[in-house]
Every structure is written in structure tokens, then in C-alpha cells.
Amino acid sequence: MSRDKSVWVWEIAEEDEYECAAVLNAHTQDVKKVIWHPHNDIIASASYDNTVKLFKEDRVDNDWCCTATLTSHESTVWSLTFDRTGTRLATCSDDETVKIWKEYLPNNPEGIPTPDNEPVWKCVCTLSGYHTRTIYDITWCHQTELLATACGDDTIRIFKETDDSNTNEPVFNLVASVQRAHSQDLNSVAWNPVIPGLLASASDDGDIKLWMYSE
């Protein structure tokens, strides 16, 4: 990810050496974050151009191509995170919202059109009114399915999907918030991949903190 608007893909050439396999120039503004799909060779990127883009490698010619552009945010998309299945994606933005996206495969039972027989991503939920400043980071726990956000209002928020939630119109409730979690902007949060409920946060105040969430 870079301010030159590009995403670079690197491969291991030899021990302790890497070579650039591809340079992806699909964004029109700074790229804020890039992540890998949890199961497939798919890259998702968030950008200052208000969009999220998905890339995958064409196995025939070994070229990486943009397969989807997600547009719904009204300002910079700062971060993004896949759920454990890789079929849903959560994004956060300068527009103070969180959006949940769902992947619809060709011949999906909902009847969503899939041009060129490629999967289509649709925004199925928007969480608004919870954050009062830019949301800089978001993380989806692959064990508990909880979402956590890092916000410029110095608050950590945790959201949980309702038990009777419809995957095409999911409902998430705010289940916890820690005000003044840091003395300055929160810019990063990450769930521990092994220990359920253990969350790390980082801030412009220079501190890293560990939190344990339990219902």
C-alpha cells in the first residue's frame, strides 16, 4: 500500500529476499490498507478514493487484475477486514460509518446478477450514528465473530451480530464501548488469533494496550 496509489505484490525469491510480482494501479488516490483473503489468493485494498478494490491472479497469464470495486462510502476508506469465511467484508471510513459487504456467487439463490460469471459484492448493512469521528481501523474476530473499531474519538467499540440476523440484511448491535481508551486518536485494533476476546489497540499517544472482552 502506498501514497503513489499502487498496491505491490511480493514473492519470496530466495532466503530473506523478495521480488516484486505485480504492481496494481487501480486506485486513483492513496491506498490506506491492504489485506489478504483468509482462504484464497485474493487481495482487498482500501483507499483515499472512497473505494475498496478486490484483486486476484489470473492463473493463465499470471497477471493480477481488479475483479471488483466496492462503492458506498462517502469519504476515505481507512481499513477493512474479512470474516472467517471470507464471504463477508467489513469496512470503515472517514464518513464515520462501518459497512458490511457480502459476496454473491454465480447462480446464487438470491438471484443477484453476476456479470462475466464473477462474484459480486453488495453492501448489506451500514452501521451509522455510533462514531463521532473518523474510524481508522476495524477487525473481525474469526473465533467470536465480534467486530471491533478504532476511532478518532479515542473510543473502542465492539459490535455483535444478532442471533436471528439475516445474512442478506444483517443486524449488528453495539455491545461494548471503552471511552477514553487512549488519550489521543485510536488508529489500530487487532483481535488475538488464538485467544478469544483478547484485543490489542494502538494510538497516537504512543501506547499499545491489551483488553479482554467477555459477555
Side-chain angles (χ1 to χ4, degrees), residues 1 32-40 42-46 52 54 70 73 77-103 121 123-215:
M1 60 184 180
K32 296 302 183 183
K33 188 167 184 178
V34 62
I35 60 172
W36 285 99
H37 188 280
H39 306 295
N40 302 320
I42 295 172
I43 294 172
S45 58
V52 169
L54 300 176
L70 282 51
H73 283 293
V77 184
W78 276 96
S79 187
L80 66 177
T81 179
F82 283 106
D83 74 351
R84 62 185 168 195
T85 69
T87 61
R88 294 197 296 178
L89 182 71
T91 57
C92 63
S93 169
D94 183 57
D95 66 13
E96 302 175 5
T97 71
V98 168
K99 292 184 181 289
I100 310 297
W101 308 77
K102 181 184 175 183
E103 180 187 37
W121 289 81
C123 179
V124 292
C125 175
T126 299
L127 302 178
S128 60
Y130 296 101
H131 303 83
T132 60
R133 290 186 61 190
T134 300
I135 311 168
Y136 289 112
D137 200 14
I138 187 166
T139 178
W140 207 326
C141 183
H142 288 184
Q143 295 165 307
T144 64
E145 292 295 320
L146 294 170
L147 279 170
T149 59
C151 186
D153 61 10
D154 312 338
T155 301
I156 294 172
R157 294 174 176 84
I158 296 176
F159 298 87
K160 181 180 181 181
E161 188 171 6
T162 60
D163 293 336
D164 58 352
S165 181
N166 181 341
T167 58
N168 297 305
E169 296 178 348
V171 176
F172 287 79
N173 292 329
L174 179 67
V175 293
S177 62
V178 182
Q179 297 182 357
R180 296 181 295 280
H182 286 267
S183 60
Q184 295 183 44
D185 289 4
L186 269 153
N187 50 46
S188 182
V189 282
W191 291 107
N192 184 288
V194 178
I195 304 173
L198 183 58
L199 182 74
S201 64
S203 164
D204 285 351
D205 64 13
D207 290 339
I208 297 171
K209 294 185 178 183
L210 297 180
W211 310 84
M212 178 59 76
Y213 173 81
S214 58
E215 296 187 38

Where the side chain of [X] meets the backbone of [Y], is there a donor-acceptor pair that is under 3.5 Å apart?
X: S165; Y: V171; value: yes
X: H37; Y: H39; value: yes
X: T97; Y: S128; value: no
X: T81; Y: W140; value: yes

**Prompt:** Counting only heavy atoms not in I208, do more than 12 fall under 6.0 Å of its CD1?
**Reply:** no
**Prompt:** Do the side chains of P170 and R88 get nearer than 4.5 Å, heavy atoms only?
**Reply:**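 Of all side-chain heavy-atom pairs linking P170 with R88, at least one is under 4.5 Å.
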**Request:** Side-chain contact test, heavy atoms from C-beta onward, threshold under 4.5 Å: evaluate it for L70 versus T91 and give yes or no.
**Result:** no
**Message:** Can you tell me which residue among N187, L210, L186 is in a side chain to side chain contact (heavy atoms under 4.5 Å, CB included) with S201?
**Reply:** L186
**Prompt:** Considering the options N173, L174, V175, L146, which one meets the side chain to side chain contact (heavy atoms under 4.5 Å, CB included) requirement together with F159?
**Reply:**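 Only one option passes, and that is L174.
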**Whether W211 and H182 hold their rings parallel, tilted or perpendicular, with breakpoints at 30° and 60°** = perpendicular
**Prompt:** Which pair of non-hydrogen atoms, one from D153 and one from R133, has the smallest distance, and what is that distance?
**Reply:** N-CB, 3.9 Å
**Message:** To the nearest 0.5 Å, what is the distance between CH2 on W101 and CG on L80?
**Reply:** 11.0 Å
**Prompt:** Which value, rounded to the nearest 0.5 Å, describes the distance between I138 atom CD1 and L147 atom CG?
**Reply:**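 So the gap between those two atoms works out to 5.0 Å.
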**Asked** Is any side-chain N of the basic residue among K209 and D205 closer than 4.0 Å to the acidic one's carboxylate O?
**Response**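 D205 and K209: not salt-bridged.
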